[in-house]
Amino acid sequence: GASHFFKPKETVLKLGVPAILTFVNKGNTMHVNEMMDFFKTVAFWKVVAPDGWNTGGLPKPADVDTGVSVSIYFIPTVAGTYQITDSAPDMSSISATIVVK
């Protein structure tokens with residue numbers, strides 16, 4: 001798990017301003033980026049990945065397979081501090097923070 005990390009460790013977003021989060025997996029293990037508390041507070045407009053993965057209006061954890069990137073397009077609607085964690089096996093120590101102001 002040491003080679004996987006979130007960069008930056010803290011992402012600051014502005015309330016009501018469209019944003020894009022991109023997860024890039026350069027490693028050899030799939031990662032599951034959990035942020036359901038954050039997903040409940042945003043308005044999505046699309047989720048894209050090379051395989052066409054798209055949640056539509058139903059956000060779920062961002063599964064990022066090896067060598068793949070996933071971009072999530074959204075508008076933050078609730079100010080607060082949210083955690084992103086990796087729920088893949090042995091990756092629970094990997095986390096980052098999203099702050100919406």
Side-chain angles (χ1 to χ4, degrees):
S3 64
H4 183 64
F5 56 91
F6 289 112
K7 183 178 167 184
K9 288 297 280 182
E10 182 177 279
T11 299
V12 179
L13 304 173
K14 290 187 188 279
L15 191 62
V17 176
I20 304 167
L21 281 182
T22 299
F23 297 92
V24 179
N25 185 351
K26 294 180 181 176
N28 56 10
T29 306
M30 185 177 115
H31 295 283
V32 183
N33 302 303
E34 298 276 2
M35 47 192 169
M36 292 310 293
D37 288 343
F38 178 67
F39 280 170
K40 292 174 189 171
T41 69
V42 304
F44 284 93
W45 75 86
K46 69 178 173 176
V47 178
V48 293
D51 62 1
W53 181 70
N54 188 337
T55 65
L58 301 171
K60 56 187 176 185
D63 296 348
V64 184
D65 220 337
T66 59
V68 164
S69 66
V70 173
S71 292
I72 302 169
Y73 297 71
F74 60 92
I75 300 170
T77 63
V78 178
T81 300
Y82 306 92
Q83 291 299 120
I84 306 173
T85 57
D86 191 333
S87 67
D90 301 321
M91 301 293 171
S92 60
S93 64
I94 300 166
S95 67
T97 303
I98 297 174
V99 178
V100 178
K101 296 183 177 184

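Hydrogens, waters and symmetry mates play no part in the numbers below; they use all other heavy atoms, side chains included.
Scanning all heavy atoms of the two residues, the minimum distance from P76 to V100 falls at CB-CG1, 3.7 Å. Listed here is the closest heavy atom pair of N25 and T29: ND2-O, 2.8 Å. Smallest separation of non-hydrogen atoms from P8 and A96: O-CB, 4.1 Å. When all heavy atoms are compared, the tightest approach of S71 to I20 is CB-CG2, 4.1 Å.
Proximity of a side-chain donor or acceptor of T77 to a complementary backbone N or O of T41 within less than 3.5 Å is detected.
Hydrophobic clustering, defined by side-chain heavy atoms of Ile, Leu, Val, Met, Phe, Trp and Tyr closer than 4.5 Å, leaves V17 isolated from every other such residue.
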* Asked: Between M35 and I72, does a side chain to side chain contact (heavy atoms under 4.5 Å, CB included) hold up when you go through it step by step?
  -> CA-CA 12 Å; M35 47 192 169; I72 302 169; 3.7 Å; yes

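The distance from atom CD1 of I98 to atom CG of L21, rounded to the nearest 0.5 Å, is 5.0 Å. I75 contributes atom CD1, which lies 15.5 Å from atom NZ of K14 (distance to the nearest 0.5 angstrom).
A search for side chain to side chain contact (heavy atoms under 4.5 Å, CB included) contacts involving V99 returns E10, V12, T81, T97, K101, not counting sequence neighbours.
Among residue pairs with one or both ends in residues 74-101, those qualifying as ring pair (Phe, Tyr, Trp, His ring centres under 6.0 Å) are F38-F74, F38-Y82; sequence neighbours excluded.
Environment of NZ in K9: crowded, with over 12 heavy atoms of neighbouring residues, nucleotides or ligands closer than 6.0 Å.
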